[in-house]
Protein chains: 2
Amino acid sequence: MSTCDQCVVRNRSICAALDENEIKLLNSIGRRRNLTAGESLIWEGEDSVLVANVIEGVLKLSTGTEDGHEQIVGVVYPSDFIGRPFGATTGYGVTALTDARVCVFSRRDFDGFAREHPSLGQKLLERTLGELDRTRRWMLLLGRKSASEKVASFLLELMERLVEPGCKVVFDQPSRQLELPFSRQQIADVLGLTIETVSRQLTRLKVEGTIGLPSRREVVIRNLDALVAGAG
Amino acid sequence: MSTCDQCVVRNRSICAALDENEIKLLNSIGRRRNLTAGESLIWEGEDSVLVANVIEGVLKLSTGTEDGHEQIVGVVYPSDFIGRPFGATTGYGVTALTDARVCVFSRRDFDGFAREHPSLGQKLLERTLGELDRTRRWMLLLGRKSASEKVASFLLELMERLVEPGCKVVFDQPSRQLELPFSRQQIADVLGLTIETVSRQLTRLKVEGTIGLPSRREVVIRNLDALVAGAG
DNA sequence: TTGGCAATTTGACTTCGGTCAATGGCAAAG
DNA sequence: CTTTGCCATTGACCGAAGTCAAATTGCCAA
């Protein structure tokens, strides 16, 4: 019995496209790996050597300008796919925001497997198209939204993503409380703002009663309508 | 003999994955269509009903916020693929910037064809991954670059894209002159700026001698190094 | 050629968000 | 329990880009 049978994301990740035999085969070329918060899996600019599925945890994809600024260009959650198949160099680094567990494959092995199993390629294509959609919505946020709209949009997107299972960091539905997998600096890097502006916007939302901030890493949504209205 | 034989983008578009018989089949479910500058092919928010290949011309993908601001989230050139296969709604509109010629397919027909011809799906996947890479680089620009860096980066990217064949709008290598497929407002919508800021940055580059502006729709690169340095 | 119109440029002023600096608070280590 | 250090918050100020308004340009049609 392969370890995949008990995998939390077996039916939501790209593996859902595969039957029992295929999954055994894929399992044989991959291996589990645990990451601690802050640990990197892939570095910006290196040749793409590995790809992975996220089993548990949250990871960021990020690039930097030469003058030291960083921009987070993507955030991945359990069942998401990481990496750049088909022989390109990765334009961004991948780093764990929380402790995480991933299922890694050598890019070369994975490419071969994908070519021999079109159903996997198909799933990967659908996933990539979805990711492109999400990234483009994010561009609208970066290009046209104000700081307050950015922060509100960020909290809403986070909420949606954290309800999905496998996130250690849960969004507790009844209490509407969520645990932030991001530091203030990281939120700033997602939104193209500074840490000070993020802090000011969050305290403003708190003072207005829209949200509560029990601790640095927790947010309570007190007035969802107001948050949606503020997201622009 | 199918019309595809003389197609300029036959070997660069996703069609390059197909053999003679397959291409005849694909051709039978598609049709050519001419667009005049400003004409839309797909509207934001509608169900995805058609997909297409760009044969000639330049088109924009764009979304708007409710308060009237627009953000261009992608620009497509000859041989690029347009649209959202596999049954989602399109999150952005597609509009011709120049007169253009495209090869359109009903999304439903195309989906079926793609599922039966994995090599096409494979090409589409590679293309989509590349597009995602380019979009993420663009996010860095939107989130972290200053107005002057944005404008310089824009001109450089445009230059690279316009050397490829099939662009009526040519980048004339020796004279380093390029014809802009964008109005000032559209440049602003690409970069997340206002029309005034774009105009000011362009005149600054002209005064500095980095570029020349023979007419509203033409740019001459006079000092490439300076432009690269200014792109951040 | 001229008039009209839209696009662009330019100028004056405002504002949002960035920068710099000081303070506060929490958590791990001693 | 105290110390230490990081992260976050808060405040004062500044500047880049936005806004509003006017002038200019170039283009098309009459």
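Keep in mind the model is a prediction, meaning the values are calculated, not measured. Within every chain, numbering begins at 1; the chains are lettered A, B, ... in the order of the sequence lines, protein sequences first and strands thereafter.
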Item to check | Closest non-hydrogen atom pair between L124(B) and P85(B), with its separation | outcome: CD2-CG, 4.1 Å
Item to check | Interface limits on DNA chain D, where chain A has a heavy atom under 4.0 Å of a nucleotide atom | outcome: dC7(D) to dA12(D)
Item to check | Qualifying residues under side-chain hydrogen bond (donor to acceptor under 3.5 Å, both in side chains), relative to N11(B), sequence neighbours excluded | outcome: none
Checklist entry - What is the distance from CG of D189(A) to P of dG18(C), rounded to the nearest Å? => result 12 Å
Checklist entry - Starting at CZ of R204(A) and ending at C1' of dG17(C), how long is that distance when rounded to a whole Å? => result 13 Å
Checklist entry - Is there any ring-ring contact (aromatic ring centres under 6.0 Å, His included) pair reaching into residues 177-210 of chain B, and which pairs are they, with sequence neighbours excluded? => result F154(B)-F182(B)
Checklist entry - Which whole-number value in Å describes the distance from L142(A) CG to dG17(C) C1'? => result 15 Å
Checklist entry - Sequence neighbours excluded, which residues qualify as side-chain hydrogen bond (donor to acceptor under 3.5 Å, both in side chains) partners of R127(B)? => result D80(B)
Checklist entry - Taking only residues two or more places apart in sequence, or in another chain, which ones meet E131(B) in a salt bridge (charged side-chain N to carboxylate O under 4.0 Å, His left out)? => result R136(A), R134(B)
Pairs: protein N or O with nucleotides 6-9 of chain C N or O, under 3.5 Å:
unit_1	atom_1	unit_2	atom_2	d
dA7(C)	N3	R216(B)	NH2	3.1
dT8(C)	OP1	R184(B)	N	3.3
dT8(C)	OP2	R184(B)	N	3.4
dT9(C)	OP1	R184(B)	NH2	3.0
dT9(C)	OP2	R184(B)	NE	2.8
dT9(C)	OP2	S199(B)	OG	2.8
dT9(C)	O5'	S199(B)	OG	3.1

Checklist entry - Can you name the ring-ring contact (aromatic ring centres under 6.0 Å, His included) partners of F105(B), sequence neighbours left out? => result F110(B)
Item to check | Non-neighbouring partners of R101(B) that pass side chain to side chain contact (heavy atoms under 4.5 Å, CB included), sequence neighbours left out | outcome: R32(B), N34(B), I55(B), E56(B)
Next on the checklist: Tell me every residue that passes side-chain hydrogen bond (donor to acceptor under 3.5 Å, both in side chains) with T135(A), counting only those two or more places apart in sequence or in another chain.
Outcome noted: none
Checklist outcome for this item: Expected list for residues 146-155 of chain A near DNA chain C, using heavy atoms below 4.0 Å, is S146(A), A147(A)
Checklist entry - Who passes side-chain hydrogen bond (donor to acceptor under 3.5 Å, both in side chains) against Q201(B), sequence neighbours left out? => result R204(B)
Next on the checklist: Between S48(A) and T90(A), is there a side-chain donor-acceptor contact under 3.5 Å, judged purely by atom types and distance?
Outcome noted: no
Checklist entry - Would T65(B) and K145(A) count as having a side-chain donor-acceptor pair, cut-off 3.5 Å? => result no
Checklist entry - Just by distance, with hydrogens left out, do E218(A) and S215(A) show a side-chain donor and acceptor under 3.5 Å apart? => result yes
Item to check | Shortest non-hydrogen contact between P181(A) and E179(A), atoms and distance | outcome: CD-O, 3.3 Å
Checklist entry - Hey, what bend do you get for the helix from dT1(C)-dA30(D) to dG30(C)-dC1(D) if you fit axes on five pairs at each end, rounded to 10°? => result 40°
